[in-house]
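To start, the structure itself, in structure tokens.
Along the sequence shown, residues are numbered consecutively beginning with 1.
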Amino acid sequence: MTRPNQAQPPAQPSSALVIVVDDDEGIRASLDSLFRSVGLQTRLYGSPAELLAGSLPDGPGCIVLDVRLPGVSGLDLQSQFVRQGISYPIIFMTGHGDIPMSVRAMKAGAVDFLSKPFRDQDMLDAVTAALERDAQHRAEAAAKEDIRAQYETLTAREREVMGHVTAGLMNKQVAALIGLSEITVKIHRGNVMRKMGVRSLADLVRKAEALGVSQTRRTTDQT
């Protein structure tokens, strides 16, 4: 790593964790010192096997990962994470990087691909971007869980009505489709709006899309 200027710390909480995986002890020590100097926590591993021997922390963080490692390579570890649905943001570093490797890494969701030697500030910038992505992902996941919890409070009939109204059907169309009176559909629709915590149909549609709720397609013969 090179240090032409004093590195600027990322604007992230000190609880954020940077996991470093590199078989070079000197690189691990240098990155550990860099990240701790700006208030970040670290965990250091010499190989993917060491990392996989334990469990990944549940808190905010990212992984700084060398491409060429003994045993499982950094790219193979990334692929394994993708298959397992592990969404920790990854920053790759390599002393032998090439375009095909970097393209593969970025397509699989890597935040950045840094060639050694790299400037401290470049690494901190990459970590900042990774932690911001992780924070966004966690916020979106939490919001989706909240929506799911709201959806679970709906009765089976209310879920049915929600599916139809978010597909664009009017109350009278829903009533004819499921064999209820229009006033009963209105009552169910009101309950859905209240339980889902929305005031407009547009907001309800957005929540239905976030949940992946199956929606009825409106046909031209429905009146």
Q: Under the salt bridge (Lys or Arg N to Asp or Glu O under 4.0 Å) rule, what do Arg28 and Asp23 come out as? Steps first, then yes or no, please.
A: CA-CA 8 Å; Arg28 294 199 305 272; Asp23 60 341; over 6 Å; no
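- With sequence neighbours excluded, the residues forming a side chain to side chain contact (heavy atoms under 4.5 Å, CB included) with Asp24 are Asp22, Ile27, listed by chain and number.
- In summary, of the residues considered (Leu44, Leu56, Thr42), a side chain to side chain contact (heavy atoms under 4.5 Å, CB included) with Ile19 occurs for Leu56 alone.
- Interatomic distance, Met193 CE to Leu201 CG, rounded to the nearest 0.5 Å: 6.5 Å.
- Salt bridge Asp134/Arg138: present, at least one basic N to carboxylate O contact under 4.0 Å.
- Partners of Ala202 by side chain to side chain contact (heavy atoms under 4.5 Å, CB included), not counting sequence neighbours, listed by chain and number: Ser200, Arg206.
- A distance of 9.0 Å separates CG in Asp125 from CG in Asp112, rounded to the nearest 0.5 Å.
- Salt-bridge annotation for Asp203 and Lys207: absent, with no side-chain N of the basic residue lying under 4.0 Å from a carboxylate O of the acidic one.
- Across Val111 and Ala129, no two heavy atoms sit closer than the pair CG1-CB, 3.9 Å.
- Applying the side chain to side chain contact (heavy atoms under 4.5 Å, CB included) criterion to Glu152, with sequence neighbours excluded, gives Arg148, Arg159.
- With salt bridges taken as basic N to acidic carboxylate O contacts below 4.0 Å, none links Asp76 and Arg68.
- Under the side chain to side chain donor-acceptor pair (under 3.5 Å) rule, Glu140 has a single partner from Gln136, His137, Lys144, which is Gln136.
- Summarising the local packing, CD of Glu25 is surrounded by 12 or fewer heavy atoms from other residues, nucleotides or ligands at distances under 6.0 Å.
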